[in-house]
> 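Below you will find the structure I want to go over with you.
Lettering follows sequence order; numbering is per chain, from 1.
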There are 2 protein chains.
Amino acid sequence: MRVVPRSLAEVQTPGRKLRSELKRGAILDAAEALFVAQGYASTSVDAIAARAGVSKRTLYDHFGDKATIYARTVERLSDTLLTTISDAIREEIPPGRDVREALVGFARRVVTETVPSSEYAVFQRLTARQAQPPALPSSVRNRPERLLEKRFAELTRDGLFQATDASLAVRHFTALTIGIAIDALEDGEFEVAGDAGTDKIIDDGVDAFLRAYA
Amino acid sequence: MRVVPRSLAEVQTPGRKLRSELKRGAILDAAEALFVAQGYASTSVDAIAARAGVSKRTLYDHFGDKATIYARTVERLSDTLLTTISDAIREEIPPGRDVREALVGFARRVVTETVPSSEYAVFQRLTARQAQPPALPSSVRNRPERLLEKRFAELTRDGLFQATDASLAVRHFTALTIGIAIDALEDGEFEVAGDAGTDKIIDDGVDAFLRAYA
DNA sequence: CGAAAAGTACACCGGACAGTGTGGATTGTA
DNA sequence: TACAATCCACACTGTCCGGTGTACTTTTCG
């Protein structure tokens, strides 16, 4: 006589493969959080497994070793970031929108959407040369910038602002807005000020940028 | 008349003491190089001792533990950086010098003098929130910026450029020049280009800054 | 049903590392 | 010469960590 509660099993289990994929995602989530908070070297595989609610063995069955976990984490982060930037460009800097509004909207959105997971900062920091994990090629690191560069070139062609060197303009723009905002957030500069602080930073940055490139 | 020593400490021979001080310096040199290259967690005390040409026991006699070595390293780095910035301000941005020349000279000097030890970048990175070593207060982290801020305020008062908010102007200036240059250096962006690459970055950055703040 | 996939618990290994203890060598100084 | 400061070589402890092996359970599906 079968005592196996088939119905119960079917209800609480959404399929082997799906569940396996969920575990995989949970592992990457945990890994991302820990790598971001503590860095590569100080994050133990046991800690990742514990946080993911998964046995260490499962983790090693999914990914072969710690370096691979790290690589997959950064890859996923990179993809997410790329999507975020791509969406933000399309929706915040559409043809016809006032340039100042568009730039402020874009920067603000990138910063807020990548906080508190702080994808942008995390990505920069994790991909920075620390020689601990295998360093990533700068071609990967700069993908988001390339997207914005293309849009800036179009804006210049339409005469909306002067950026003969689109690559340079993007560098200056991100440095003046997103870069400074992320820096400030990492310093915990305004524990209270919150969004207002970053908003002001971004407004000021866009102001300066437009003064230089209008 | 016999000179009576008040304590043993006063009588200590300059020979021994000097040598001891040299060892101490060598340890800090080694620690700085390794912390910079590998980060805190991945740098072993044994490695520091080996690189300094000093026994591990001597190292532990001088400093009590790894955290203290790290703290002393960052302190020394901070002091060196502050001196570098201070000198650069005094000598590159003197009263009367053409503003563009002064700013280019300043930024170029800060970058070149802090490379390849890359004090500036190192300082930023080591003091960044990584939660591994005891985080430093941002008051320490921002000391160099304060100096430049003061000079910018003077320049504005003299009508040489428009920076009603000196703090903001400094942020924008460093972001546009030193920040981008250091970033590029860390990426190993121009393995060959060398100084020419950073020089162009700085020229472009100063151009943009002056367009925004002239 | 029965095989296989997926996961867990747990013990284990080898190595690295922070930190200590000690005895001995060198060397300025009284 | 005798003493003390300084340093070194070396052995040792406890701990953590990356990674593996294995035996057991649960779930899925032909």
> Please give, in whole Å, the distance from C/dA4 C1' to A/Asp61 CG?
15 Å
> What one-letter contact string describes nucleotides 16-25 of chain C from 5' to 3', where B marks a base within less than 4.0 Å of any protein heavy atom, S marks contact via sugar-phosphate atoms alone, and - marks no contact?
-SBBBBB---
> For A/Asp165, what residues pass the side-chain hydrogen bond (donor to acceptor under 3.5 Å, both in side chains) criterion, not counting sequence neighbours?
none
> Identify the two heavy atoms, one from A/Ala49 and one from A/Ser55, that lie closest to each other, and give their separation to 0.1 Å.
CB-C, 4.2 Å
> Side chains of A/Leu103 and A/Phe209, heavy atoms from C-beta outward: is any pair under 4.5 Å?
yes
> Can you list the residues that meet the side-chain hydrogen bond (donor to acceptor under 3.5 Å, both in side chains) rule with A/Lys150, with sequence neighbours excluded?
none
> Any side-chain N or O of A/His62 less than 4.0 Å from the OP1 or OP2 oxygen of C/dA6?
no
> If only side-chain N and O atoms of B/Thr58 are considered, is one of them under 4.0 Å from the OP1 or OP2 phosphate oxygen of D/dC8?
yes
> For B/Leu22 and D/dC8, what is the distance between atoms CG and P respectively, to the nearest whole Å?
12 Å
> Evaluate B/Asp61 against B/Lys56 for salt bridge (charged side-chain N to carboxylate O under 4.0 Å, His left out), listing each step before the verdict.
CA-CA 9 Å; B/Asp61 286 341; B/Lys56 185 160 72 158; over 6 Å; no
> Give the rounded distance in Å between these two atoms: NZ of B/Lys23 and C1' of D/dA5.
13 Å
> Is it true that A/Arg97 and A/Glu92 have a side-chain N and a carboxylate O under 4.0 angstrom from each other?
yes
